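If you're wondering where the values come from, they're calculated on a predicted model, not measured in any experiment. Only this structure's heavy atoms are used, side chains among them; waters, hydrogens and symmetry mates stay out.
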Amino acid sequence: QVQLVESGGGLVQAGGSLRLSCAASGRTFSPYVMGWFRQAPGKEREFVAAINWNGRIRDYIDSVKGRFTISKDSAKHTAYLQMNSLKPEDTAVYYCATRYGGAVPRVGYDYWGQGTQVTVSS
């Protein structure tokens, strides 16, 4: 089993920044993909960003391109989501997830964290 724990969420004003972290522990596998998803109240969970095992391939949904950056530190078994220029519509519970694979798919993730709340006030 793989355990994922998110941190770094909180309340921020529009235009502000937050950095989410996702610490992984337990059984490891390779190659792997780390992804970030979010779920706003009353909406389905949606893909936000993903990064492949060597960090060379990244994918973002259009609404966060140029504002969010996904990265990872393999030595620390931690993935990050730097979120800048936050907007009220970014308000959601953010989840990290991982799966086996060499590319950066938007579906099919097997292991999930519990989520961290991000609230952006206008």
Side-chain angles (χ1 to χ4, degrees):
Q1 287 286 357
V2 177
Q3 291 78 43
L4 302 174
V5 179
E6 304 96 335
S7 61
L11 173 64
V12 64
Q13 289 187 332
S17 298
L18 284 173
R19 188 177 81 154
L20 305 183
S21 299
C22 173
S25 62
R27 185 174 66 87
T28 60
F29 46 86
S30 182
Y32 63 92
V33 185
M34 295 296 298
W36 285 97
F37 295 74
R38 66 186 180 186
Q39 186 167 20
K43 295 186 178 181
E44 293 187 354
R45 185 164 58 189
E46 67 171 350
F47 170 85
V48 175
I51 186 168
N52 80 324
W53 67 277
N54 62 11
R56 294 178 181 176
I57 305 174
R58 307 181 192 195
D59 185 30
Y60 301 91
I61 55 170
D62 288 345
S63 61
V64 306
K65 286 180 179 178
R67 300 189 299 122
F68 290 12
T69 302
I70 188 171
S71 62
K72 68 182 186 64
D73 185 330
S74 297
K76 296 181 178 179
H77 304 290
T78 300
Y80 304 95
L81 187 67
Q82 177 67 44
M83 306 185 295
N84 299 327
S85 302
L86 282 161
K87 304 176 181 180
E89 50 263 44
D90 294 318
T91 295
V93 177
Y94 283 71
Y95 300 89
C96 70
T98 189
R99 56 164 287 173
Y100 174 83
V104 283
R106 297 187 174 191
V107 297
Y109 286 74
D110 300 306
Y111 301 97
W112 295 81
Q114 294 299 307
T116 184
Q117 177 70 47
V118 171
T119 303
V120 185
S121 63
S122 58

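The shortest non-hydrogen separation linking T69 to R58 is CG2-NH1, 3.8 Å. For P88 against S122, the heavy-atom pair with the smallest separation is CG-CB, 3.8 Å. Taking each heavy atom of R38 and I61 in turn, the nearest pair found is NH2-CD1, 3.9 Å. Taking both residues in full, the closest heavy atoms of G26 and Q3 are given as CA-OE1, 3.6 Å, listed atom of the first, atom of the second, then distance. Nearest heavy-atom pair, A79 versus W36, reported as atom, atom and distance to 0.1 Å: O-CZ2, 4.0 Å. Among all heavy-atom pairs drawn from S17 and Q82, the shortest one is CB-NE2, 4.0 Å.
The structure places CG of L20 at 5.5 Å from CG of L81, a figure rounded to the nearest 0.5 Å. With rounding to the nearest 0.5 angstrom, the OG1 atom of T98 is 11.5 Å from the CD1 atom of I51. Distance check: Y100 OH to D110 CG gives 12.0 Å after rounding to the nearest 0.5 Å. Rounded to the nearest 0.5 angstrom, L4 CG and H77 NE2 are separated by 12.5 Å. Rounding to the nearest 0.5 Å places CD of E46 at 10.0 Å from CZ of R106. Residue F68 holds its CZ atom at 7.5 Å from OG of S63, rounded to the nearest 0.5 Å.
In this structure the side chain of M83 never reaches within 4.5 angstrom of the side chain of V120, judged on heavy atoms. Proximity of V33 to Y109: side-chain heavy atoms (C-beta onward) are separated by under 4.5 Å at one or more points. No side-chain heavy atom of D90 sits under 4.5 Å from any side-chain heavy atom of V118.
Under the side-chain contact (heavy atoms from CB on, under 4.5 Å) rule, V48 has a single partner from D59, I70, V64, which is V64. Paired with F37 under the rule ring-ring contact (aromatic ring centres under 6.0 Å, His included), one option of W112, Y95, Y94 passes, and it is W112.
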- Task: Evaluate the criterion side chain to side chain contact (heavy atoms under 4.5 Å, CB included) for residue pair Q13 and L86; output intermediate values, then yes/no.
- Result: CA-CA 8 Å; Q13 289 187 332; L86 282 161; over 6 Å; no

- Can Y80 and D73 be said to form a side chain to side chain contact (heavy atoms under 4.5 Å, CB included), step by step? CA-CA 8 Å; Y80 304 95; D73 185 330; 4.0 Å; yes

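A distance-only check finds no donor-acceptor pair linking the side chain of E6 to the backbone of T116 [under 3.5 Å].
Residue K65 qualifies as enclosed at atom NZ: its count of foreign heavy atoms under 6.0 Å is above 12.
There is no side-chain donor-acceptor pair under 3.5 Å between S85 and K87.
In the hydrophobic clustering of this structure, Y60 groups with I57; members are Ile, Leu, Val, Met, Phe, Trp, Tyr whose side-chain heavy atoms approach within less than 4.5 Å, directly or through other members. Under the 4.5 Å side-chain contact rule for hydrophobic residues, V93 and Y111 share a cluster.
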